[in-house]
Amino acid sequence: MRSLFVVAALLGVGTATAQTYPTRPITMIVPFTAGGPTDVIARIVGEHMSKTLGQQIIIENVIGAGGTVGSTRGAQAAPDGYVLTMGQMGTHGAAPAMYPKLKYDPTTDFAPVGMAAGTPILIVARKQFPPATLKDFIAFVKANTAKVNEAHAGAGSVSFTSCTLLNSQLGLKFTQVAYRGTGPALNDLVAGHVDFMCDQIVNLVEQVKSGNIKAYAIATPERSPALPNVPTTKEAGLPEYQVTAWNALFAPKGTPPAIVGKVNAALDKALDDANVRKRLLDLGAVIPAKNERTPAWLGTFVKAEVARWTPILKAAGAKGE
Ligand code: MLT
């Protein structure tokens with residue numbers, strides 16, 4: 001009988017906690033440096049979510065190993081709703097194939113909260129890089145493979161994974177330069193210190209528009225309204241290269257569903273807010289449809305992404321640190 005009272009008490013506490021959640025600031029882990037695509041999306045949606053939840057959302061950039069250091073921190077946090085992780089296609093899609101000793105399974109060690117934004121991938125290069133078009137780029141890098149270097153945000157990151165697919169399709173391997181995020185990688189691309197990158201549109205719109213970097217193509221079936229002059233890979237002669245990355249919110253496994261529901265509702269409200277939508281759309285992000293915003297949809301999607309990227313990365317012989 002006594003154990004029944006204990007269970008009832010614990011359930012009661014759980015319900016009370018969920019009802020009063022959140023009672024203090026929330027940390028949102030971003031597994032890459034400030035100023036990169038994952039960070040930008042986290043700050044845009046986080047700013048609005050904090051208004052809905054009535055508590056500050058503090059962005060914590062936890063760097064390293066293609067985003068897996070921060071994501072491990074997020075998986076191992078207390079399941080109380082006060083530590084969230086802005087994961088993405090790298091940390092929650094590519095990482096299992098890249099890191100045999102990965103300390104989390106993206107399909108089981110998180111409570112999916114919701115999709116935040118789709119982020120189409122562009123092939124971009126430094127302004128002075130000789131090729132003018134994607135076809136010229138392919139010919140040039142095939143003829144000069146040993147001299148060309150590629151920037152990315154760490155083994156298994158979105159930028160690394162997206163270019164691994166491109167390089168596999170071209171049958172090429174380049175010298176790779178790893179950064180702590182594609183924010184700093186972009187700085188070096190603008191400065192001409194590195195040749196090309198496969199990166200998320202939300203990081204690139206401003207520099208492409210200002211002519212500080214070249215954009216050869218966007219790897220989506222349609223052009224982006226944010227960069228209408230950038231051809232699709234299909235138009236540019238490489239139709240098989242199709243990649244849209246994504247950024248999504250996760251809580252640790254075991255977080256009470258009522259708390260996940262509150263955070264999910266705040267994210268959903270942010271994605272319906274006119275100002276948030278404008279900021280995301282101006283950066284070329286794709287706002288998830290209503291049916292793509294549920295925790296269940298994200299859980300299924302993460303499983304599909306791990307299944308998609310694992311054979312691609314293994315076939316390419318890609319390895320994490
Ligand atoms: C990546 O996976 O390439 C990251 O999203 C880059 C970043 O956010 O800095």
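Side chains are part of it too, since the values below use all heavy atoms of this structure and drop only hydrogens, waters and symmetry mates. Here the structure is a predicted model, which means the values were calculated and not measured. Ligands are counted one by one from 1 in listed order, and the atoms in each one are counted from 1 as well.
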What I want to find out is whether Glu222 reaches Lys234 closely enough, with some N-O distance under 4.0 Å, to be called a salt bridge.
no
Salt bridge or not for Arg277 and Asp273, using N-O below 4.0 Å?
no
Find all atoms of ligand 1 within a distance of less than 4.0 Å from any non-hydrogen atom belonging to [X], and give their numbers and elements.
X: Ser157; value: 1 (C), 2 (O), 3 (O)
X: Gly181; value: 9 (O)
X: Ser159; value: 1 (C), 2 (O), 3 (O)

Taking 4.0 Å as the limit for heavy-atom contacts, which would you say applies to Gln200 with ligand 1: side chain only, backbone only, both, or neither?
side chain
Please classify the Ala153 to ligand 1 contact at 4.0 Å (heavy-atom distances, strictly less than): side chain, backbone, both or neither.
side chain
Does the residue Pro37 have a heavy-atom contact with ligand 1, meaning some pair of atoms that are separated by less than 4.0 Å?
yes
Residue-ligand contact Gly90/ligand 1, heavy atom below 4.0 Å
no
Between Asp199 and Thr182, is any side-chain donor less than 3.5 angstrom from a side-chain acceptor?
yes
Could you tell me whether a side-chain N or O of Tyr216 sits under 3.5 Å from a main-chain N or O of Pro131, the two making a donor and an acceptor?
yes
Answer yes or no: is there a side-chain heavy-atom contact under 4.5 Å between Lys269 and Val276?
no
In terms of its nearest heavy atom to atom 2 (O) of ligand 1, the top option of Val158, Thr38, Thr182, Asn61 is Val158
Students often mix this up, so state it plainly: with edges at 30° and 60°, are the rings of Phe250 and His92 parallel, tilted or perpendicular?
parallel
May I ask you to check if Arg180 and Phe32 form a cation-pi contact, with NZ or CZ under 6.0 angstrom from the six-membered ring centre and within 45° of the axis?
no
Can an N or O of Gln88 be found at a distance shorter than 3.5 Å from an N or O of ligand 1?
yes
